[in-house]
Amino acid sequence: MIFAGPDNGALRNTNFHRRVWAKALQDAGVPKIHFHDLRHTGNTLAASTGASTRELMTRMGHSSTRAALIYQHSTDERQREVARRLDALARGALTKKPSGT
């Protein structure tokens, strides 16, 4: 558990932001962000590594693909990676000997 409540118990949502989150951000010198932004960032990074929709669903505990697709942003770097891989496939196909079929 990263954040613990009184007596090391679970925190209630009603007091987490006021008692813990705002102070943690201030102590760390981090700009004010929502706690859920951490989840979004983590899952967006997981998607950028090539995690499948099913893998993202498992990580997030979702049963529908709709939520997982939110984290699969298209970035310029991912588009370049897709292009590089397509190029490699095409070049590989051109260097193979014809199979006769």
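Below, each value reflects all heavy atoms present in this structure, side chains not excepted, and no hydrogens, waters or symmetry copies.
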Shortest non-hydrogen separation from Arg59 to Ala46 and the atoms involved: NE-CB, 3.7 Å
Residues which pass side-chain hydrogen bond (donor to acceptor under 3.5 Å, both in side chains) with Glu55, listed by chain and number, not counting sequence neighbours: Ser52
Same apolar cluster: Ile70 and Leu45, side chain cutoff 4.5 Å: no
Enclosure of Gln26 CD (heavy-atom neighbours >12, cutoff 6.0 Å): no
CG-CZ distance between Leu89 and Arg91, expressed to the nearest 0.5 angstrom: 12.0 Å
Phe35 and Leu25, any side-chain heavy atoms less than 4.5 Å apart: no
Residue His40 excluded, over 12 heavy atoms near NE2 under 6.0 Å: yes
Donor-acceptor contact present, side-chain Thr41 to main-chain Leu38, <3.5 Å: no
Asp37 (side chain) donor-acceptor with His34 (main chain) under 3.5 angstrom: yes
Qualifying residues under ring pair (Phe, Tyr, Trp, His ring centres under 6.0 Å), relative to His62, sequence neighbours excluded: none
side-chain hydrogen bond (donor to acceptor under 3.5 Å, both in side chains) involving Glu77 - partner list, sequence neighbours excluded: Arg80, Arg84
